[in-house]
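Notes follow once the structure below has been shown.
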Protein chains: 2
Amino acid sequence: MTDLPAFDLEGYLPYRFTVIAAELSDGLARQYRDRFGISIAEWRVLVNVGYGESPALRDIERRVRLEKSKVSRAASRLEAKGYLRKEVDAHDRRLLRLTLTEAGAALLARLIPIAEAYQAELVGRLGPEATLLHAALDRLSPRG
Amino acid sequence: MTDLPAFDLEGYLPYRFTVIAAELSDGLARQYRDRFGISIAEWRVLVNVGYGESPALRDIERRVRLEKSKVSRAASRLEAKGYLRKEVDAHDRRLLRLTLTEAGAALLARLIPIAEAYQAELVGRLGPEATLLHAALDRLSPRG
DNA sequence: CGAGGGCCGTTGCAAATGCAACGATCATCG
DNA sequence: CGATGATCGTTGCATTTGCAACGGCCCTCG
């Protein structure tokens, strides 16, 4: 048996982040799915459409680190459910701009408080270290 | 258009963690895949077998937060590649204990330094805040 | 103009994934 | 014992995923 150098998987950052990310997302994901029939990808698209100026798919793709095809399919599902409209950009007909419908805006207005509450709970758990955490995360991956 | 409360997706913890986790894993994942033909799941199983006392699949499942079926399939692939052996536990024949082969130990011995180097780079990027980060992570998800 | 090259969104396809169902085995307890 | 319920690992299946290829559109430059 070859001798192995010591290694601590539990403290290994890529591993820890994967586990925690899954934990943090799952709780919310289940709620959004069960109560609203919405996936995480759809939720991210919704947020972007809600706060951007009728962004095109490629804008969302970049901001939210979501595969091209994933954005496309999420947008199509949201359209099918009546939460948003797609319209071709007048100046560049390759671009497809997204806008919330009334139903979409209403849905988002219900989703946001849930997300905020969850965030508040997490920040509460972190206590004063919350700011430090964000700083540390910035070092691992600077945000635009 | 309904009025929406402000919301900052970029600073939203579940989102940030998902993005960072993907970033941190991808670099390593690609290396392991291209250079060694190993997936992340397989890598995690390897580490467990290397450092545990011939753990059973269910032990790995718990420690590493990997789906039952994912562990099973990863183990089968590793066995097929000749990196580990499966043997039925003598006292409980439901359990399947895993052991590294020579080739498996050799492979792991090559993978570990790469992982360590990556961890070192990340810790370097964090500087003295590294300890704080781990503390914060513990608050979000206590480790066993 | 118009031909070439790049960007946009969609879609087909193979592989990965999650989940439930299953057979085999064990532990409990009457 | 023997029956019941739980645990373990595998597998079938429907869904999701990532990737590459494609058609439509725009821009540049001769």
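Predicted model only: the values in this text are computed from it and were never measured. Labels below follow one simple rule: chain letters A, B, ... track the order of the sequence lines, proteins then strands, and each chain is numbered from 1.
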Checklist outcome for this item: Whole-Å distance, B/Arg58 CZ to C/dC26 C1', equals 12 Å

Checklist outcome for this item: Closest non-hydrogen atoms of A/Arg58 and A/Leu95, given as atom of the first, atom of the second and distance, are NH2-CD1, 3.9 Å

Checklist entry - If you look at every strand shown and take non-hydrogen atoms under 4.0 Å, does A/Ala56 touch a base, only sugar-phosphate, or nothing? => result sugar-phosphate

Checklist outcome for this item: Rounded to whole Å, the CD-C1' distance (A/Glu87 to C/dC8) equals 17 Å

Next on the checklist: With a 4.5 Å cut-off on side-chain heavy atoms, are B/Arg63 and B/Pro55 touching?
Outcome noted: yes

Checklist outcome for this item: Nearest-nucleotide check on DNA chain D, B/Arg62 vs A/Ala41; residue mapping nearer the 5' end is B/Arg62

Please list each protein N or O that sits under 3.5 Å from an N or O in nucleotides 2-4 of chain C, with the distance.
none

Checklist outcome for this item: All heavy atoms of A/Leu46 vs all of A/Leu78, minimum pair found to be CG-CD1, 4.0 Å

Checklist entry - Tracing side-chain links under 4.5 Å among I, L, V, M, F, W and Y, which residues wind up in one group with A/Leu132? => result B/Leu132

Checklist entry - In terms of side-chain heavy atoms, does B/Thr99 have a donor or acceptor partner in B/Lys86 at a distance below 3.5 Å? => result no

Checklist outcome for this item: Per-nt protein contacts along nucleotides 18-28 of chain D (heavy atom under 4.0 Å; B base, S backbone sugar-phosphate only, - none) come out as BB----BBS--

Item to check | Contact summary for A/Arg110 and A/Pro113, nearest pair of heavy atoms | outcome: O-CD, 3.3 Å

Checklist entry - To the nearest angstrom, how far is B/Arg65 atom CZ from C/dT17 atom C1'? => result 19 Å

Checklist entry - What is the distance, rounded to the nearest whole Å, between atom CG of B/Leu95 and atom C1' of C/dT25? => result 10 Å

Item to check | Aromatic plane relationship, B/Phe7 with A/Tyr51 - under 30° parallel, 30 to 60° tilted, over 60° perpendicular | outcome: tilted

Next on the checklist: Need one value for A/Arg77: base, sugar-phosphate or nothing, where a base atom within 4.0 Å counts as base even if backbone is also close, heavy atoms only.
Outcome noted: nothing

Checklist entry - Nearest heavy-atom pair of B/Ser72 and B/Leu57: which atoms, and what distance? => result CA-CD1, 4.1 Å

